[in-house]
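Before any comments, here is the structure.
First the proteins, then the strands, lettered A, B, ... as listed; each starts at 1.
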Amino acid sequence: MSREVRVRFAPSPTGYLHIGGARTALFNYLFATHNKGVFILRIEDTDRSRSTDEFIDAILDGMSWLGLAFDEGPYRQTDRSEVYKKYLNKLIDSGKAYYCYCSAEELEERRKKALTEGGSIKYDGRCRNLTSPPPDRPPTVRFEMPRTGETVINDLIKGSVSFDNETLDDFIIMRSDGTFTYNFVVVADDMDMGITHIIRGDDHLNNTPKQIHMYKALGGESPEFAHLPMIMGSDKSRLSKRHGATSVQAYRDLGYLPESLINYLARLGWSSGDQEVFSKDELIEKFSLQNVGKSAAVFNPEKLLWLNSEYIKDCNSDKLSSLVLPFLKSEGVAPPDYSPDKEWLSKSVSTLRERSKTLIELADSMSYYIKEEIEMDEKAKKKFINEKTVRYLTDVHEGLSGLAEFSEKSLEELFLSIMEKNDVKLGKIAQPVRVALTGNTASPGIFEVIEIIGKERALKRLKKAIESI
RNA sequence: GGUCCCAUCGUCUAGUGGCCCAGGACGUCGGCCUCUCACGCCGAAAACACGGGUUCGACUCCCGUUGGGAUCACCA
């Protein structure tokens, strides 16, 4: 009988939820849900100068948009100092931690010196067994690491990783102002919360031996570790702002669906055979740490865009309508109080769905359906609205005004008769009409467009086009 | 610099010693479909970093080289 799985996502609120953090959260969520375990959110805000409530809200907001619901939390480390004090005393009492009176300046100086001399820049442990009276200043507390032997991590993703204990040093767990540092509070929290699996970025791999020894010193059982490879930008450097949008919110505002981002992030570093498109339920069902790769992955916006277009194509029109509505307003296509007929909107959306890769694209191209007037592209106008085409436009205008009901069928019949009368193919007529009605040379099928625009506006636009020649 | 990690098409990846002169997907390029644009369909180019081993046989195992990344704080 194995223990219940308990995992956590532990971001520090010093920025928005970014792509890398979102993937870590996702993998924790998938692992927990797959194993019917518990997913915990813990806010690591021990660095008070850089943490803000605004960022906490942003992280919560991003996670909820992505649909990554947590079962416990959010816990905040700044609320938990009692827990840390308890664990700290345990370490001091058992002699696993000691007071260090070296000042920050002294430490810095020694580091600099070591660096220029080419040595290693670790703490030399001089305060371990202080005999002379300590200086009159508030001390820090350091954790005592072993100096011989080696520490081996059996990482669920990276495999066996070993560190020579000689290369490790006694690190500070409590600052001189009485606050605690990361490598201590993580362990205290993970123990206290009964975390069974730590799934995090592999930038933490080097911290792991420290934490393993801390678990031992605290008399706790070390959890399993799984270190996820990093996500990089196109130039193979760590993904950052200069690679473009990196926050989850940014992708939402760019008109991506959460499903697309989830799917994309899941496939970045993880795979299941040849499958590319996964619903969330499928991800939960198929996710396994065994299928997580070891190497860093380059973030590829083009593939994300493709996935988004796939999800937009698959989205039903009613849902897509409600998703696009805020973008119609933010893009200035429709007024803030816009509330169109649902059926009509749904129909409009469905004609554009296969032509849009983002909700913004969709909203923008709906302009000629929604607005009263259109702007005509100059080139298109020159090419298709002229003396040669005026007769077709006139015929269509005349035909349309005599048509009682607009349907795909009646419109097709009308165009057929005009084609016969002028002895031309549909393209000759459709293209000028398309430009007159939409202002562009590209649009959905011309019958659909006419039907959606409606008789009144269609006639008006045709007339205007004819008069402009 | 020390320590640690990583290495299959441009990118994400499949591949767990013979099924691989390496498969899928995005992107790119051709073609078909067609009222335009898309969608869809068909096709093409495109990779096992290098060098040594081990083995009857290496993309797969071992060692080294090279290259990339991470980390070395009274940040997390």
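- In this structure, B/A14 makes no Watson-Crick or G-U wobble pair, since no nucleotide meets both defining distances under 3.5 angstrom.
- Only the C1' atoms considered, B/A46 is 13 Å distant from B/C26, to the nearest whole Å.
- A sub-4.0 Å separation between OP1 or OP2 of B/C6 and a side-chain N or O of A/K294 is present.
- You'll find the side chain of A/F184 reaches within 4.5 Å of the side chain of A/L91, heavy atoms only.
- For A/T14 and B/A76, the shortest distance from a side-chain N or O to OP1 or OP2 is not below 4.0 Å.
- Separating the P atom of B/U16 from that of B/A73 is a span of 42 Å, rounded to the nearest Å.
- The side chain of A/N300 sits closest to B/G10 out of B/A76, B/C74, B/G10.
- The nearest whole Å value for the distance from the CZ atom in A/R23 to the P atom in B/C12 is 12 Å.
- Within 6.0 Å of OH in A/Y16 there are 12 or fewer heavy atoms belonging to other residues, nucleotides or ligands.
- Per the geometry, CZ belonging to A/F143 stands 18 Å off C1' belonging to B/A73, to the nearest Å.
- For B/C37, neither phosphate oxygen OP1 nor OP2 lies less than 4.0 angstrom from any side-chain nitrogen or oxygen of A/T441.
- Picking from B/C39, B/C4, B/C74 the nucleotide with the shortest atom distance to the side chain of A/V161 gives B/C4.
- Between the base of B/G24 and the side chain of A/Q275 there is no donor-acceptor pair shorter than 3.5 Å.
- For the OP1/OP2 pair of B/U71 and a distance below 4.0 Å, the side-chain nitrogens and oxygens of A/R238 include at least one atom meeting the criterion.
- Atom NZ of A/K455 has more than 12 heavy atoms from other residues, nucleotides or ligands within 6.0 Å.
- Using N1 to N3 plus N6-O4 or O6-N4 for Watson-Crick, or N1-O2 and O6-N3 for G-U wobble, each under 3.5 Å, B/U60 pairs with nothing.
- Side chain of A/R111, nearest nucleotide from B/A70, B/U11, B/C74: B/C74.
- In this entry the distance linking CD of A/Q290 with P of B/A14 reads 13 Å, nearest Å.
- If you check distances only, the side chain of A/T181 never reaches the base of B/C74 with a donor-acceptor pair under 3.5 Å.
- Look at B/G2: its Watson-Crick or wobble partner, with both distances under 3.5 angstrom, is B/U71.
- A cation-pi geometry, defined here as NZ or CZ lying under 6.0 Å from the six-membered ring centre and within 45° of its normal, does not hold between A/R142 and A/F171.
- Between B/A44 and B/G2, the distance separating the two C1' atoms is 49 Å to the nearest Å.
- Under the 6.0 Å distance and 45° angle rule, A/R267 does not count as a cation-pi partner of A/F278.
- Rounded to a whole angstrom, the distance from the P atom of B/A25 to that of B/C42 is 10 Å.
- Distance CZ (A/F225) to C1' (B/C4): 15 Å, rounded to an integer number of Å.
- The nucleotide whose nearest atom lies closest to any side-chain atom of A/S295 is, among B/C6, B/C26, B/C4, B/C6.
- For the residue pair A/R434 and A/Q431, a side-chain donor N or O sits within less than 3.5 Å of a side-chain acceptor on the partner.
- Here the side chain of A/R355 is nearest to one of B/A38, B/C74, B/C4, namely B/A38.
- For the pair A/N440 CG and B/C37 P, the interatomic distance rounds to 13 Å; values are reported in whole Å.
- Distance noted for atom C1' between B/C59 and B/G23: 13 Å (whole Å).
- The nucleotide B/C21 finds no pairing partner, because no Watson-Crick or G-U wobble arrangement with both distances shorter than 3.5 Å includes it.
- Across every strand in view, B/A38 sits unpaired, with no contact that passes the Watson-Crick or G-U test at under 3.5 angstrom.
- Rounded to an integer number of Å, the gap from A/H204 NE2 to B/C4 P is 19 Å.
- A donor N or O paired with an acceptor N or O is found under 3.5 Å between the base of B/C35 and the side-chain atoms of A/R434.
- In this structure, of B/U71, B/A25, B/A76, it is B/U71 that holds the atom nearest to the side chain of A/N206.
- Nucleotides B/C32 and B/A70 have their C1' atoms positioned 49 Å apart, rounded to a whole Å.
- Relative to the side chain of A/A442, the nucleotides B/G27, B/U36, B/U3 differ in distance, and B/U36 lies closest.
- Of the candidates B/G27, B/C4, B/A25, B/G27 carries the atom nearest the A/E302 side chain, counting heavy atoms from C-beta on.
- Regarding A/N207, its CG atom lies at a distance of 11 Å from the P atom of B/A76, rounded to whole Å.
- When the C1' atom is used for both B/A14 and B/C74, the distance is 48 Å, rounded to whole Å.
- Heavy-atom distances to RNA chain B give each of A/D203 and A/W306 a nearest nucleotide, and the one nearer the 5′ end belongs to A/W306.
- The closest donor-acceptor contact from the side chain of A/E331 to the backbone of A/L328 lies at 3.5 Å or more, if one exists at all.
- Distance noted for atom P between B/U28 and B/U65: 41 Å (whole Å).
- Of the residues near RNA chain B, A/S443 and A/F299, the one whose nearest nucleotide (by heavy atom distance) lies more toward the 5' end is A/F299.
- Between A/F163 atom CZ and B/C5 atom C1' there is a gap of 9 Å when expressed in whole angstrom units.
- Comparing B/A76, B/C5, B/C37 by their closest approach to the side chain of A/D202 singles out B/C5.
- When distances run from any side-chain atom of A/K158 to the nucleotides B/C35, B/C5, B/A70, the shortest one goes to B/C5.
- Looking only at side-chain heavy atoms (C-beta outward), A/Y256 and A/L261 stay at 4.5 Å or farther from each other.
- Between A/K236 and the phosphate of B/U11, there is a side-chain N or O to OP1/OP2 separation shorter than 4.0 Å.
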